[in-house]
Structures are given as C-alpha cells and as structure tokens.
Amino acid sequence: MTRQMTGAKMVVQALKDQGVNVVFGYPGGAVLPIYDEIFQQNDIRHILVRHEQGAVHAAEGYARSTGKPGVVLVTSGPGATNAVTGLTDALMDSIPLVVFTGQVPTFMIGTDGFQEADTVGITRPCTKHNWLVRDTNELSDKIHQAFHVATSGRPGPVLIDIPKDVQFANGAYTPPAKANTGHYAPRLKGDKARITELADLIENAKRPIFYTGGGVINSGPAASQLLRELVDATGFPITSTLMGLGAYPASGKNWLGMLGMHGLYEANMAMHDCDLMIAIGARFDDRITGRVDDFSPDSTKAQIDIDASSINKVIHVDLPILGDVGHVLEDLLKIWKSRGRKVKKDALEKWWGQIDDWKARKCLTYVNSEKTIKPQYALQRLEALTRDRDRYITTEVGQHQMWAAQFLGFEAPNRFMTSGGLGTMGYGFPASIGVQVAHPEALVINVAGEASWLMNMQELGTAAQFRLPVKQFILNNERLGMVRQWQELLHGERYSHSWSEALPDFVKLAEAFGAKGIQCRDPAGLDDAIIEMLEHDGPVIFDCLVEKHENCFPMIPAGAPHNEMLMGEADTQDVIGAKGAVLV
Amino acid sequence: MSALHIKKGTSKHSAYDLKNPNADVIETHTLAVVVDNEAGVLARVIGLFSGRGYNIESLTVAEVDQKGHLSRITIVTTGTPQVIEQIKAQLGRIIPVHEVHDLTVEGASVERELALFKVSGTGDKRVEALRLADIFRANVVDSTLESFVFEITGTPEKIQAFAELMRPLGLVEVARTGVAALSRGA
C-alpha cells in the first residue's frame, strides 16, 4: 500500500531515502512548504547560504570531495536564475547535483506571476536534464529519476521545478526501489575487441603517454587505483588535465605534471612528440590542445570515455573506447597481464631520456625576491607546511589557480576542487564551504585571488554561522592577474579595468564577520603567518600581499601548438599573432 | 589542411567510421530520433541545434506510439562528416532520446513530404497549372474561379521542382510539412 503525503514531505522523504544528509539552500515564497518540512526533522542538515550561486558552488564542492551528489534547494524566479552560473559550471565539469527550485502554483504559470521565471526553459541548456513536476503523484518518481540521471554515465547537474500547489497537495509516495528511472542507462563495459587492440598499441608503443582527466575521478576511487596500477605496470609517463589532478599521485615517479596552456614543459612536449596517446576520461579541451592542427601530429590516439560526444569532437581519435574508465581499465589490465605484460623496454628508456632532458629545463623556475612575496613562493610554502595534513584545496579562477595546479601536489583524487570548464570566478570560496561541511575535521584551503574572492564574499556569513574553519588563502596582487597578463601580451600593455581599486581591509572584513584576519607582506614572516592561519580553529582570511606584476609561466600562447611554449618574460615579445588574438 | 596526419587504416575501427575528418564537404543527412513524448522534448532538440550552431533544413515531429508515449522527430541537417557525427552523439546524450538513426547511411530509405500550393490565375496559365499538377500527381483540394490549392506528396526534390514550375503560373503561397522518412525493408 502506498504512503500518502504532501509534495513537500515527499521531497524530504525522497532525500532521506536517497541517503542525502546535507542540503545547501536559501528559502523563499515558493519553497516555504518544503522549508516547513525541513524544520520538522533532524536527519537532513540545511546549510543556509547567503546567495543562491553560493549554494550551488558549495554543493559542487561537497559533491567533488565526496563523490556523492550535491543537493540544492532554492526558491522560484531570482532563486532559480541565481543558480544558473553554478548549474553551468557543474555541467561543464561533470559534477552530479540535484537542484530543487520552487515555482509559482501551476494555475499561475505563464501569467508573469510574482517571482515567476521559466526555470526549466532557462536551465534546459545548463542542466543534464530537468523536470517541471505538475502532479504530486509523479513527484517522488521524478526525484529518484533525477538522482539516477545526475549520477549515471557522465555525471551532471539536474533540476526539479516544483510548483507551490504541488508541494501542498497530497499524493502517493514511491520509494526508490519501486521508482521508474526511465530508459537512461549508459553502457559501462567497453568493447572487448577494442580494449584488446589498445593492449596491442601499448605493447608496441615507443613514445607513449597517458593523458588523463576528470573522468578518472568521476569514475570513482577504484578507477584511480587501477590507473596507478596500469602506470606502474607499464612504466609509461602520465600527465593530467586540471580536472584530473590527484588521480595519479604528484609524488609518483611517472608523473609529468599538468599539461595544457599553463602546464609543464615536459608534459606538453611529451604530448606533442608521443607516438601513442591514451586519453582517459579527458575531452581534448582547447586549454589542452592549443592549436588543433598541430596537436600531437605523429601519434596514434586512443580514448576511453563514457560520453560518445566527447570522442572525435575536436581531435580525431583512432581507437575510441566507449565505457566507464574504471570498467575499461580493469579489462585492459586483465588482457595486458594475460598477454605477458609486454612493453618496448629499450624504446621506453630512450623516451624517458628525452623526457628527462625536457624536465631539466625546470620550467617552473621563477625569480624569487626577499622584498616581496612571489605568489609561487607563497604556494610553495603553503605546500610545504600542509603537505602532510588531511588537506582539501579549492581555488578561484585566474593566475592563482594555475599556480596552485603547478605548485601544490595532489596525492589522491577528490582533493582538488576548481572550476575548469566554465572558469567561474567566485567558485572557490563557496566550494570550500561545501567541502568543509562534508569533511568537518579536514583542513580546507581556498587558494584565491582578491578579485575572484570578492565575487562571493557574502559567504563569509555562512562560514561564520556554521563555524566552518575554511582558510581563505588570498594571493592579493590588487590586479585581475590573468586579465592583466593577457593585456600585457596582447593589448599593448593597456591595462583596461584590470586592477582592484577600493579593496577592503581584509583583516577588518574578517573581523566584521567574527572570523580571523591575517595580513602578510614580508617573505620572511610568511611561514609564521601560514602557521598562525593553520592553527586557528575557525574561518580565516589570509591576505597575502604578493608581487603585483608576476606573470604565469610556462604558457602556450593562444593559437600556438604544444611545442611553442613561452618559458618566461624573455619569450613574450610579439608572440601572439592576429589569429591568436581572437582566441580566449 | 591535413595537419591531423591521420595514418591510413588507423581509423578502420572507429565507432563513427569517419571518412575524412578534415573534409570540408557539406553533406545532407536525414536523422530519425525516437523520443519520449514529454513536455519540452522538442525544445531540447531544437535548443541543441541552435546552441551548438548546427543547421536544420527540415524538422517534423509527431507522436507515433501512443501507448509508449513515443514521438518520432525527423530532422534533415547539413554539415561536414565530423559535425554530423557530433550531432548524432549530442542527440544521443539527451535523456528522453531513445534512438538516433542516420537514415542517410543506414541503408536505403524512403523520404516523403507533403505540401500545399496556392496558385492563382486565369486563362492559359490556369489550364497549364492544372495540366502540370496532373503530371506531378498533385490533387486539387480547393478551387475558386481564380485559384487552386494543390496537394502534393513526394521527395523534397519533387516538391521543389513543382514549386519552380508553379512560380511563373501564379504561385502565391506554399505550406510544406517537412520530411518524414523510414528505412526500406523489414
């Protein structure tokens, strides 16, 4: 016999049945019945954010650091439209989210009612799927389906729009086991013949490279484990996108570092010169490929991906394997082992010799200073002082993000949360809140720039209210550093609106919210200041005043291939042609 | 522009069997997409085409399975082989999409379109219009002393040819349904 309950109660019941224990949200008129139900229970914790965008990014941080879907509850109209940036961010980075929005009652839809917006219309292109539920009897079914869609295949954000009358009305509740989750069931196993062919390619490769991405992390911890096993067993070098950092440990002996626009010289050169590229859960993003015409011209390319549309989208792939990374790697390892674990040892040795020559360029070298803190130095010290801690890192977007990827080492998956595809300034602070909620005892640091951080600074209220000891490590150069860098390289050093005027006193700002503020401008005092930050049990804003005009290197200039990297200031004269200038 | 340097034969097992990813040849393909007949599903398909900059030459949609709540969308689109493959993959990602068939490559298929033509005129032109309509097996579905409405069914090419003939004979209005297509055989 089915249980009857109101739509609002159903939302809470379905969340419980889906194992959800945290919701990030902000109340409003069209979700009041659901908030009333949340008030009357203790199983699900509600984190009240200060802006709906913050709720979605916090849920992203929660999802990425746990592997579980993040849940958001916001009201209709502005509540829903404020969530759009977060939804788009989650779609680009394949983060599983289930977002609930209130809607005006069904009989008012289309009348331009108060706080009415066409939420399913607006969010159709920025969700994996969305639903407007008009009948309470269908609500629980749709919620269970939403969790299924968000977490199956290539994960992504989904949205359920619930009119207020549907929340009030009674209907039959369907438990998850009886729910109709539809026909959506992406194939997990890869084609055996193709996987065998990949084993052939591995046996015969002379200059191979693993190019891994966020798909490895999304596939779950087992996939990262299998990847490590495969890398160790073959002895092949491995590089990763920004999204995939941590799947293979930074301390691993085959690690080349991140690749791409601000990736390491050895990683990009190896990508360019390889004869076998094995792309695993990576989608040949334009930050990775540089000029596609000259992308790794002499390699055979194999790609493992669960999303058919990621294959042959920008780069032609010779051996595509459609399937879940974990499942395919398991089969690949089995086949490769059963055939005697063969690789071309001599050729590989030569290849590693070449890679060591590239490594010898020491592409991350920078000129340090005793007078001002260099951002790279700040991150090196942060790394040294936190490396052994149970540590999670989030970032905002810009130079500091790339330096964090270059100078911090990630030993495990789900430890680095950053906005990769969409490049959302304002992501890192709320994301750090979501991570801290999921891991209350862990050290959570948001590496930020002052401009990005200000975009969602209102979440300081959230951190203070819930006593979340997030550390905001702000590399403050009083500039939009990456914009400034591009203006220097591309726009004749005309720094149009790329400096931060009227910055707040970050120490006082922290104190105004009951948090701790620390300012540091002296390299000699940096370690003590960082330790002070780490030892404070509560949220900290660390205002690290750094060199204002530091550029982020190495860099593949827009419109250039992998083997034409800029290694430092001396390389920057007239490097970007008119064709490159139109690229972002 | 051959910069991808794809080795001959290395693509033979590609899931998408690309002929030549660098070809600038624009091909026309007819796709049949079976979808759940639910609110917004057409908007999802159209939004995909507009959002990613793909072309729609013709689009028809109607429920084909009432019990299963399934609709069939027939889309005629154009693009390079790589773009066509990408369109199919992107369509396949839409959650309510059950099947995507490329009728242009999956063996022989039949395509039909229905069109209504209003032709107004008197005297010789009117007689000529009627005579040509007979040749094209178009039916007269409305008539006044100065006008006909013809109903014609056929391939898009046949309908185009009929339109060209009617133009000098007083064509004033056309309504076309877009293409419906099925693969041949069982």
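It should be emphasised that the depicted structure is a prediction, and the values quoted were computed from it without experimental measurement. Letters A, B, ... mirror the listed sequences (proteins, then strands); counts begin at 1.
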*Can you tell which part of Val83(B) gets under 4.5 Å to a heavy atom of chain A, answering side chain, backbone, both or neither?*
neither
*Taking side-chain contact (heavy atoms from CB on, under 4.5 Å) as the test, write out the residues that go with Thr155(B), two or more places apart.*
Arg112(B), Glu157(B), Lys158(B)
*Using salt bridge (charged side-chain N to carboxylate O under 4.0 Å, His left out) as the criterion, list what pairs up with Asp331(A), not counting sequence neighbours.*
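In terms of salt bridge (charged side-chain N to carboxylate O under 4.0 Å, His left out), with neighbours along the sequence ignored, Asp331(A) is linked to Lys189(A).
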*Is Gln66(B) atom CD crowded by more than 12 heavy atoms from other residues, nucleotides or ligands, each under 6.0 Å away?*
no
*So which of Gln86(B), Arg44(B), Lys88(B) has the largest heavy-atom pair count under 4.5 angstrom toward chain A?*
Arg44(B)
*asked:* I need the residue from Pro96(B), Ala39(B), Gly40(B) with the largest number of non-hydrogen atom pairs under 4.5 Å to chain A.
replied: Pro96(B)
*Mind listing the closest non-hydrogen atom pair of His183(A) and Asp36(B) along with its distance?*
CE1-OD2, 3.6 Å
*Identify the heavy atoms of Ile95(B) and Lys128(A) that sit nearest to each other, and give their distance.*
CG1-O, 3.7 Å
*Measure the CZ-CD1 distance between Arg124(A) and Ile94(B) for me, rounded to the nearest 0.5 Å.*
10.5 Å
_Once rounded to the nearest 0.5 Å, what's the spacing between atom CD of Glu85(B) and atom NE2 of His316(A)?_
11.0 Å
*Test item: Gln90(B) side-chain N/O and Ser309(A) main-chain N/O as donor-acceptor pair under 3.5 Å*: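 Answer holds: no.
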*By number, which residues in residues 138-161 of chain A have some heavy atom less than 4.5 Å away from chain B?*
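Hits under 4.5 Å: Val149(A), Arg154(A).
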*asked:* Please classify the contact between Asp191(A) and chain B as side chain, backbone, both or neither, with a heavy-atom cut-off of under 4.5 Å.
replied: neither
Less than 3.5 Å apart, which donor and acceptor atoms pair up between the side chains of residues 53-61 of chain B and the rest of the protein, not counting sequence neighbours?
residue	atom	partner	partner atom	Å
Asn55(B)	ND2	Thr78(B)	OG1	3.1
Ser58(B)	OG	Val179(B)	N	3.0
Thr60(B)	OG1	Val179(B)	O	2.9

